[in-house]
Amino acid sequence: MGESGPEVRLAGRIESWRPKGKVVFGHLEDESGRIQVYLRSDQLGDRWALAELLDLDDCIGVAGRLMRTRAGEVTVRASAVELLAKSLRPLPRGKREVLEDGTVRDHGGVADPEFRYRQRYADLAVHPEVREAFRLRTRIVARIRHLLDGAGFLEVETPILQPLYGGAAARPFVTHHNALDMSLYLRIADELYLKRLIVGGFERVYEIGHDFRNEGMDRSHNPEFTMLELYQAYADYGDMMGLAETLVTDLVRMVSGGLTLTRDGVTLDFTPPFARVRFVEGIRQGSGLDVLEAPEATLRERLVQAGRPADEVAGFTGGKLLDEMFGTFLEPRLIQPTFVVDYPKPISPLAKEHRADPRLTERFELFVQGRELANAFSELNDPDDQRSRFEEQGHHRAAGDEEAQPFDADYIRALEYGMPPTGGMGIGIDRLVMLLADQDSIRDVILFPALRPETA
RNA sequence: GCGCCGCUAGCUCAAUUGGCAGAGCAAGUGACUCUUAAUCACUAGGUUGUAGGUUCGAUUCCUACGCGGCGCACCA
């Protein structure tokens, strides 16, 4: 029982508090951990009056010598104490009681997910494992920056408020600029601005930022989310596949120390090269049909056979029909890391025509656990082809497709100056973090997920 | 947007077929100078998510609304 260790000063939040007559034992916690403090009336003098007023969750500072209790715990024997911040509202701390027979009884703690998301500050304050998940998120993003910077990529910032939105198929949020008296859109993608920078001579650029999509919310969709987009001149989608493998395997190694992750009882193997399956061939394997050859009526019949409601299927045509075939017959099987390659042209309006088949584009998406992690292509750099693809989108739009992309004349003008052949890729950071941090809900990797306002 | 489930004290949860709404932790008061779920005694805490309806009587049954979770749709 050491009585006179070194003198220390420390501050923290009161995590436990056990007054016992003229002494009190408690634990202080801060980001670095927790330590026991021991306050005695005979050592604190007139400060003892303050000690008697302290409560759980107050933030205090103490000074004193380190000692060891009879139980052997390193403890600060306080010679001074001060209040740094008062807690007026108890944190929802759980207490775990271990009874003599070994059964465990929990008291309190937060079970209500709404409480955790709405009052994330309290969730973080009482759950070290939640803090750890968000630290991991930051390490993942930092590691991605490190890798891209090391590969010669330039991190840039492009407009979030855009007069025209584009680069993806989604409905935008609309806002209004008062001084200009005009509508602006919150970006749904960075794509078209980043490719303008390729025209400008930056040959490797990337941006990590929020995109905004006015769509439904569920456990893999938040209205604002974090996207990595990168573009590399004089590269194609094959190079992007290599880069995707490099990034993903590096991150898997960082979190697991190896090349596998176990999720939902399944061992995911990230040993490169990842599996590759052609879009058309993969759907043929699942459905027996070639989506580029078979009549649309035949494809619709096949969907109904597979259990899709007939009245719903009746409305599917063109790109929508292709998406549905993919979602029904191929996507659910993509558990192990898999590149789906060579998407049909109608569902890839910004991707370059395939060098071997004009019906296809040089595009891939990376899937893991049936979820899309990355989307990449050889970028369409022919302004005339891009113009006609935009015009095609315009027809879809006129036909009522709200997610068809608007015609961007300035982007065509940029391409007319000549954009070098370019490979580009987008990676949804939130979903990547979900995979790496083993979280099932996007709300568990976003600090303040979108919620409806609280009612009084 | 649709469907299912949930909402009781600051937190976690009870409450028989509809019959006075309770407990643990947290809070307050008192006792206790090596505690760690501290212990012991006492006290306070509620328009049972909101608004209606049925009923002698509603936490419980019905309707609408709000918020959340899950699933579907949409999408990344």
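Lettering of chains follows the sequences in order, A, B, ..., and the numbering in each one begins at 1.
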Next on the checklist: Tell me whether the side-chain N/O atoms of A:R452 come closer than 4.0 Å to OP1 or OP2 in B:G68.
Outcome noted: yes
Item to check | Distance in angstrom units between A:E52 CD and B:G30 C1', rounded | outcome: 12 Å
Item to check | Nearest-Å distance once atom P is located in both B:G6 and B:G46 | outcome: 26 Å
Checklist entry - Which of residues 39-47 of chain A sit near RNA chain B, with a heavy atom under 4.0 Å from it? => result A:R40, A:D42
Next on the checklist: Between B:A26 and B:U12, how many Å separate the two P atoms, rounded to a whole number?
Outcome noted: 15 Å
Checklist entry - Which whole number of Å gives the distance between the C1' atom of B:G69 and that of B:G49? => result 15 Å
Next on the checklist: Quick check on contacts: within residues 320-334 of chain A, what sits under 4.0 Å from RNA chain B by heavy-atom distance?
Outcome noted: A:K320, A:E324
Item to check | Geometric cation-pi criterion, A:R196 with A:Y193: 6.0 Å, 45° | outcome: yes
Next on the checklist: When you compare the ring of A:F225 with the six-membered ring of B:A76's base, are the centres less than 5.5 Å apart and the planes under 30° from each other?
Outcome noted: yes
Item to check | Pair A:Q369-A:R431, side-chain donor/acceptor within less than 3.5 Å | outcome: no
Checklist entry - B:C70 phosphate, OP1 or OP2: any side-chain N/O from A:R443 under 4.0 angstrom? => result yes
Checklist entry - Does the side chain of A:D57 come within less than 4.5 Å of A:R13's, by heavy atoms? => result yes
Checklist entry - Rounded to whole angstroms, how far apart are CG on A:N375 and P on B:A76? => result 8 Å
Checklist entry - Quick one: is the NZ or CZ of A:R204 closer than 6.0 Å to the six-membered ring centre of A:F153, and within 45° of its axis? => result yes
Next on the checklist: Using whole Å, what does the distance between atom C1' of nucleotide B:A76 and atom CD of A:E372 come to?
Outcome noted: 6 Å
Checklist entry - So which one's nearest nucleotide on RNA chain B is more toward 5', A:S441 or A:L373? => result A:S441
Next on the checklist: If we check salt bridge (Lys or Arg N to Asp or Glu O under 4.0 Å) with A:R276, which of these qualifies: A:E365, A:E245, A:E281?
Outcome noted: A:E245
Checklist entry - Between A:R120 and A:F448, is NZ or CZ placed under 6.0 angstrom from the six-membered ring centre and within 45° of the ring axis? => result no
Checklist entry - What nucleic acid atoms does A:G428 come within less than 4.0 Å of, heavy atoms only: base, sugar-phosphate, or nothing? => result nothing
Item to check | All ring-ring contact (aromatic ring centres under 6.0 Å, His included) counterparts of A:Y231, not counting sequence neighbours | outcome: none
Checklist entry - Could a donor-acceptor pair under 3.5 angstrom be found where the side chain of A:T69 meets the base of B:U35? => result yes
Checklist entry - B:G6 P sits how many Å from A:R116 CZ, rounded? => result 22 Å
Next on the checklist: Determine whether A:D55 and A:K86 satisfy the following criterion, salt bridge (Lys or Arg N to Asp or Glu O under 4.0 Å), listing intermediate values before the conclusion.
Outcome noted: CA-CA 8 Å; A:D55 289 309; A:K86 186 68 190 169; 2.9 Å; yes
Checklist entry - Looking only at N and O atoms, is any donor in the side chain of A:Q36 or the base of B:U35 less than 3.5 Å from an acceptor on the other one? => result yes
Item to check | A:T361-A:H354 side chain donor-acceptor pair, cut-off 3.5 Å | outcome: no
